[in-house]
Amino acid sequence: MIFELDKKTADDLMSIDGEMKGVVFKTDEKFILNKGGEEKLKEVEEEIKNLGYSLKYREIGNFKFYPIGMRAISLLAIAKVFDLNEEQIKEMGSFAPKTSLVIKFFMQHFFSVKEVFDKASNIWEKHYMIGKMKPKEFDEKNKIVNLQLEEFNVHPILCIYLSGYFSKICEITINKPVKIEEIKCSFKGDPYHEYQIKW
Amino acid sequence: MVEKNNNERKISILLEDLSSLESYTQELFAFTPLPLFFVSPNGVILEANPALEKITGKGAYEIVGEPVETIIEKEKTEKILKDTFEKEIVFKDETTITNKEGEKVPVNVFAQARKTKEGRKVGYFFSLIDLTESKKKEEKLEEFGQVLEVKVAAKTRELKRFNEELEEKIRERTEELEEKVKELEKINRLMLGRELKMVSLKEQLKEAQEEINKIKEREGHEK
């Protein structure tokens, strides 16, 4: 297990200000059910309950708002129950755009990475009430995109998860595999997160 | 303060409406037995319903995010997308899809372009009709037709042979009859000849009798 999940971690996460839409938990629910079925869903919920919090995935509303800390707790609980490594957490992130209702609304309007790049902040705002996603650099010739994520210091598990998430969105858009790297990270002393996508 | 409360109440009502609408759409999408999916302008599947999962044998997570060619063969996909782009709707185009086991499943494809209010195409709706059962029935009918054709051909051959046998018998019988007719004609000719001979003999006898009578009469006068 690459990240610890204990009562103190959960409490610290729940003390972070900010909210996001329940749709992100729905993608978690689908991931758990797909990977481990009902039994694992109960295990993850039990894991969260043991930390003193409650998250019933079935009762989550796609468009309702929930504390941002719960986002990280959910991912950490899933990673613990399934004993996920870094690559598998990234896979969990790449699974999300396939099942996210909000992303589907967006994807219908995307023809190119440039459009996704331009709409990146809108996509972010549709999910998260904290953090600012900024399109930083778009180099069509060399096929490189840099996305900057500011004021989003929730938990490092989200850095890995979002790598998978962003890369899958690009892959769906251009119908080709892409490579993604977090070249700057606020948990490593940088002022913000920066993702570089190449295809 | 009152305005803020009102706005919050409005947002709450709108969120409830949105949730109800979303749940209605999801349930309808999941309920239909017709495989449905939505494809991006780049030909990537963005949404798939349980009926499509069933027909392909793949989970939605394996379908969504993949190119349409993973389900419908590339050439056919290109044609359907092109036709849909030009005509906006493709109605009942027959093709096959490949399921997870690599088996071909015959289907009818229906596709329609989806547009924004400004008229820009933003993707395609796809729907499939599984033709497996109707194809099986067609094959059975064809098989039945072939069996029927074989049976009809056998019966025709039998009838032809019977007919030939009958014709042979008729020919033989005709020959027999002709022989008999010939014999009868021969007998008849013989009988007729005999009759004529008799008549002739009778005539001769009569003439001879008359001659004798004449001679006797002459001799009587001379005495």
Side-chain angles (χ1 to χ4, degrees), chain A residues 19 21-23 26-37 58-66 91-116 119 126 129 164-178 199, chain B residues 8 11-27 29-30 36-50 52-53 58-70 74 77-78 81 85 112-126:
Chain A
E19 289 178 317
K21 278 190 188 147
V23 66
K26 293 311 244 183
T27 61
D28 288 356
E29 180 193 358
K30 284 172 188 162
F31 177 81
I32 301 165
L33 289 173
N34 179 55
K35 200 169 173 67
R58 289 242 156 76
E59 292 168 16
I60 296 284
N62 272 322
F63 303 104
K64 287 185 179 168
F65 292 92
Y66 297 86
E91 274 172 30
M92 179 163 53
S94 68
F95 181 89
K98 293 183 178 188
T99 53
S100 166
L101 190 68
V102 174
I103 279 299
K104 275 168 199 162
F105 293 158
F106 266 99
M107 292 304 288
Q108 298 166 15
H109 303 276
F110 292 164
F111 291 87
S112 65
V113 179
K114 177 76 170 73
E115 283 204 49
V116 179
K119 299 268 185 194
K126 288 278 179 189
M129 297 298 110
Y165 188 82
F166 295 143
S167 62
K168 183 48 77 178
I169 288 178
C170 289
E171 283 178 356
I172 290 175
T173 308
I174 60 170
N175 198 4
K176 276 180 192 171
V178 303
W199 70 97
Chain B
E8 277 176 4
I11 289 169
S12 168
I13 290 167
L14 284 173
L15 282 175
E16 271 178 34
D17 290 349
L18 195 59
S19 291
S20 301
L21 192 63
E22 184 227 335
S23 143
Y24 172 81
T25 313
Q26 291 286 340
E27 281 170 30
F29 196 57
L36 297 173
F37 53 110
F38 183 71
V39 176
S40 76
N42 297 338
V44 174
I45 302 168
L46 298 178
E47 179 80 274
N49 75 340
L52 185 71
E53 293 181 59
K58 296 176 183 175
Y61 61 94
E62 292 174 285
I63 302 169
V64 175
E66 298 299 321
V68 191
E69 295 99 271
T70 53
K74 198 178 175 189
T77 299
E78 282 169 1
L81 291 180
F85 195 80
Q112 187 177 328
R114 192 175 176 223
K115 293 192 292 187
T116 59
K117 277 185 271 183
E118 295 76 32
R120 190 176 77 152
K121 286 191 175 76
V122 291
Y124 309 89
F125 285 120
F126 271 72

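We name chains A, B, ... by the order of the sequence lines, and we start the count at 1 in each one.
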> Would you say Phe65(A) has more than 12 foreign heavy atoms packed within less than 6.0 Å of its CZ?
Replying inline: yes

>> Take a 6.0 Å sphere around NZ of Lys58(B) and say whether it holds more than 12 heavy atoms from other residues, nucleotides or ligands.
In response: yes

> For the atom pair CG (Asn62(A)) and CG (Leu15(B)), what is the distance rounded to the nearest 0.5 Å?
Replying inline: 11.0 Å

>> Which atoms of Asn175(A) are under 4.5 Å from chain B, going by heavy atoms: the side chain, the backbone, both sets, or neither?
In response: both

> Among Ile63(B), Val39(B), Leu18(B), Ile45(B), which residue forms the greatest number of heavy-atom pairs with chain A at distances under 4.5 Å?
Replying inline: Leu18(B)

> Rounded to the nearest 0.5 Å, how far apart are OG1 of Thr173(A) and CG of Asn42(B)?
Replying inline: 7.0 Å

